[in-house]
Amino acid sequence: MVKFTLNDRDYEVEDGKTILEVALENGVKIPTLCYHKDLTSYGACRLCMVEIIDGARPGLQASCTYKVSDGLVVKTDTERVKKTRDIVFELLLARCPDSEKLTKLAEEYGITKSRIEWKDKGKCILCGLCVRACAEVSQRNAINFAFRGIERQVNTPFKRISQICIGCGACAYVCPTGAIEIEEAD
Ligand code: FES
């Protein structure tokens with residue numbers, strides 16, 4: 001068992017849990033987009049940032065990947081967390097203004113518009129949840145990240161129609177922004 005403190009309250013939990021898991025189990029609100037309880041956490045969207053006040057890696061950390069440990073002191077609502085979260089929301093909104101889920105979540109945290117200009121708008125936030133669902137649930141590895149920098153995207157190898165995709169739809173199901181649409185085959 002591990003003893004640690006979250007928002008001034010002491011917890012004793014099983015070893016190996018992340019801060020986010022403990023928070024969710026205990027009604028502590030932390031926004032997430034790239035987390036799914038059945039998939040490996042990757043820490044991509046950065047919305048779940050919390051502040052480690054005392055611990056091995058003090059400062060802002062993604063709660064979905066940071067494991068609790070003895071003596072850890074964590075806060076989810078410091079000014080630093082709020083400012084960072086607001087910027088992350090604005091960045092995501094600039095990139096994906098048409099994502100209903102993202103817009104709703106941002107509104108819950110008081111962010112209704114973005115001051116950031118983004119050239120190539122879309123719905124994909126490159127969180128990789130679809131890639132992990134394809135690999136870990138469907139066990140197909142039909143899609144993955146491709147290219148670098150602003151060209152980065154999720155796609156099939158060489159952007160070709162995948163021969164190993166079974167059309168299960170797991171990628172679309174877990175996508176937090178509705179970026180993936182399943183088309184019926186002819
Ligand atoms: Fe933790 Fe996205 S939910 S980084």
Side-chain angles (χ1 to χ4, degrees), residues 2 4-7 11 13-14 16-53 55-69 72-111 114 116 118 121-137 143-145 148-149 152-154 170-180:
V2 168
F4 80 108
T5 307
L6 175 61
N7 289 351
Y11 289 85
V13 300
E14 278 166 39
K17 284 187 185 259
T18 62
I19 296 168
L20 181 64
E21 284 169 336
V22 179
L24 294 177
E25 284 165 10
N26 290 281
V28 177
K29 211 174 150 198
I30 296 177
T32 65
L33 273 181
C34 73
Y35 168 77
H36 190 289
K37 67 177 180 46
D38 298 323
L39 299 172
T40 309
S41 286
Y42 181 72
C45 75
R46 314 313 279 174
L47 269 180
C48 69
M49 300 300 270
V50 294
E51 188 162 356
I52 308 298
I53 308 294
R57 285 180 285 144
L60 294 176
Q61 301 289 348
S63 63
C64 65
T65 53
Y66 199 109
K67 297 241 167 81
V68 295
S69 56
L72 187 72
V73 179
V74 188
K75 288 199 176 225
T76 64
D77 54 0
T78 63
E79 275 311 303
R80 222 174 143 197
V81 169
K82 286 183 201 161
K83 270 190 189 156
T84 306
R85 193 168 58 206
D86 289 355
I87 299 278
V88 174
F89 266 129
E90 286 202 46
L91 275 166
L92 292 171
L93 279 176
R95 181 179 192 131
C96 311
D98 298 327
S99 167
E100 210 176 300
K101 183 168 176 187
L102 172 60
T103 310
K104 269 193 188 158
L105 188 61
E107 274 172 13
E108 274 179 42
Y109 287 84
I111 308 294
S114 177
I116 301 159
W118 198 282
K121 295 181 175 43
K123 276 191 175 174
C124 178
I125 58 166
L126 296 173
C127 71
L129 211 45
C130 54
V131 175
R132 282 171 276 149
C134 189
E136 296 172 20
V137 178
I143 49 174
N144 213 329
F145 286 104
R148 287 169 187 269
R152 194 158 165 81
Q153 57 185 252
V154 171
C171 53
Y173 180 76
V174 297
C175 176
T177 57
I180 301 174

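Each ligand, and each atom within it, is numbered from 1 in the order the structure gives. In this text, all values refer to a predicted model and were calculated from it rather than measured experimentally. Every heavy atom of this structure was used, including side-chain atoms; hydrogens, water molecules and symmetry mates were not.
- Note: Thr76 OG1 to Asn7 CG = 3.5 Å, rounded to the nearest 0.5 Å.
- Each of Leu102, Val88, Ile116, Asp98 was compared with Leu93 under the side chain to side chain contact (heavy atoms under 4.5 Å, CB included) criterion, and only Leu102 meets it.
- The closest side-chain heavy-atom distance from Met49 to Tyr66 is not below 4.5 Å.
- With ligand atoms numbered from 1 in the order given, ligand 1 contributes 3 (S) to contacts under 4.0 Å with heavy atoms of Tyr35.
- Here is the list of ligand 1 atoms found below 4.0 Å of a heavy atom in Cys45: 2 (Fe), 3 (S), 4 (S).
- Atom 2 (Fe) of ligand 1 has no N, O or S atom of Cys48 inside 2.8 Å of it.
- Against a heavy-atom cut-off of under 4.0 Å, Thr32 is close to the following atoms of ligand 1: 3 (S).
- Atoms of ligand 1 found under 4.0 Å from any heavy atom of Gly43, numbered from 1 in the order shown, are 4 (S).
- Under a cut-off of 6.0 angstrom, the local environment of NZ in Lys83 is sparse, with at most 12 non-hydrogen atoms contributed by other residues, nucleotides or ligands.
- Backbone or side-chain N, O or S atoms of Cys64 reach atom 1 (Fe) of ligand 1 at under 2.8 Å.
- Listed by number with element, the atoms of ligand 1 under 4.0 Å from a non-hydrogen atom of Ala44 are 4 (S).
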Test Lys29 against Glu108 for side chain to side chain contact (heavy atoms under 4.5 Å, CB included), laying out the working first. CA-CA 11 Å; Lys29 211 174 150 198; Glu108 274 179 42; 3.6 Å; yes
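- Interface atoms of ligand 1 facing Arg46, defined by a heavy-atom separation under 4.0 Å, are 2 (Fe), 4 (S).
- Atom SG in Cys127 sits 11.5 Å away from atom NE2 in His36 (nearest 0.5 Å).
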